[in-house]
Amino acid sequence: MLKEIKAEVIGVIVGQYESGAWYATAPTIPWLAAEGDSLTNVMQKIEMIAPALRGRLCLDIPFELNWLVMETDQ
């Protein structure tokens, strides 16, 4: 019988500064962060950086990103 491998879930918080710029950060992985000019831009940056988690000395299991987009008062 094959053993089911569950994916690690990495929470990513996305928000917007008062200046209008966007940020994304993963509290459990301090170096997994990005800033940009749009929501889409920062999410794409995180998705590009995240595969480095599979590298040596990091996660050796599948993972998924769980996005939490903070609402703005604008």
Side-chain angles (χ1 to χ4, degrees):
M1 179 192 292
L2 294 174
K3 185 177 180 181
E4 181 180 342
I5 298 174
K6 292 187 178 181
E8 180 74 23
V9 176
I10 299 168
V12 181
I13 299 170
V14 182
Q16 191 173 25
Y17 297 119
E18 287 184 22
S19 67
W22 287 83
Y23 66 88
T25 183
T28 58
I29 305 171
W31 56 264
L32 184 57
E35 293 181 324
D37 57 3
S38 71
L39 172 65
T40 302
N41 181 256
V42 294
M43 291 176 80
Q44 288 174 341
K45 286 181 181 181
I46 293 292
E47 288 172 344
M48 288 174 53
I49 297 168
L53 294 170
R54 305 257 325 153
R56 193 166 47 109
L57 302 177
C58 292
L59 291 178
D60 196 24
I61 61 172
F63 64 90
E64 62 183 61
L65 300 174
N66 182 25
W67 300 99
L68 173 61
V69 180
M70 306 300 288
E71 293 192 27
T72 61
D73 293 334
Q74 295 178 354

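Just so it is clear, the structure is predicted and the values come from calculations on it, not from any experiment.
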> Taking atom CD1 of I29 and atom CD1 of I10, what is their separation to the nearest 0.5 Å?
Replying inline: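 Interatomic distance, I29 CD1 to I10 CD1, rounded to 0.5 Å: 4.0 Å.
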>> Could you check whether any side-chain heavy atom of W22 comes within less than 4.5 Å of a side-chain heavy atom of N41, counting everything from C-beta outward?
In response: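 No, side chains not in contact.
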Return the minimal non-hydrogen interatomic distance between [X] and [Y], and the atom names on each side.
X: I49; Y: A33; answer: CD1-O, 3.8 Å
X: V12; Y: A24; answer: CG1-CB, 4.1 Å
X: Y23; Y: Q16; answer: CE2-N, 3.6 Å
X: K45; Y: E35; answer: NZ-O, 2.6 Å
X: P27; Y: G11; answer: CD-O, 3.7 Å

> Residues two or more places apart in sequence or in another chain: which of them pass side-chain contact (heavy atoms from CB on, under 4.5 Å) with Q44?
Replying inline: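 By the side-chain contact (heavy atoms from CB on, under 4.5 Å) rule, Q44 matches T40.
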>> Membership question, hydrophobic clusters at under 4.5 Å side-chain separation (ILVMFWY): are M43 and W31 in the same one?
In response: yes
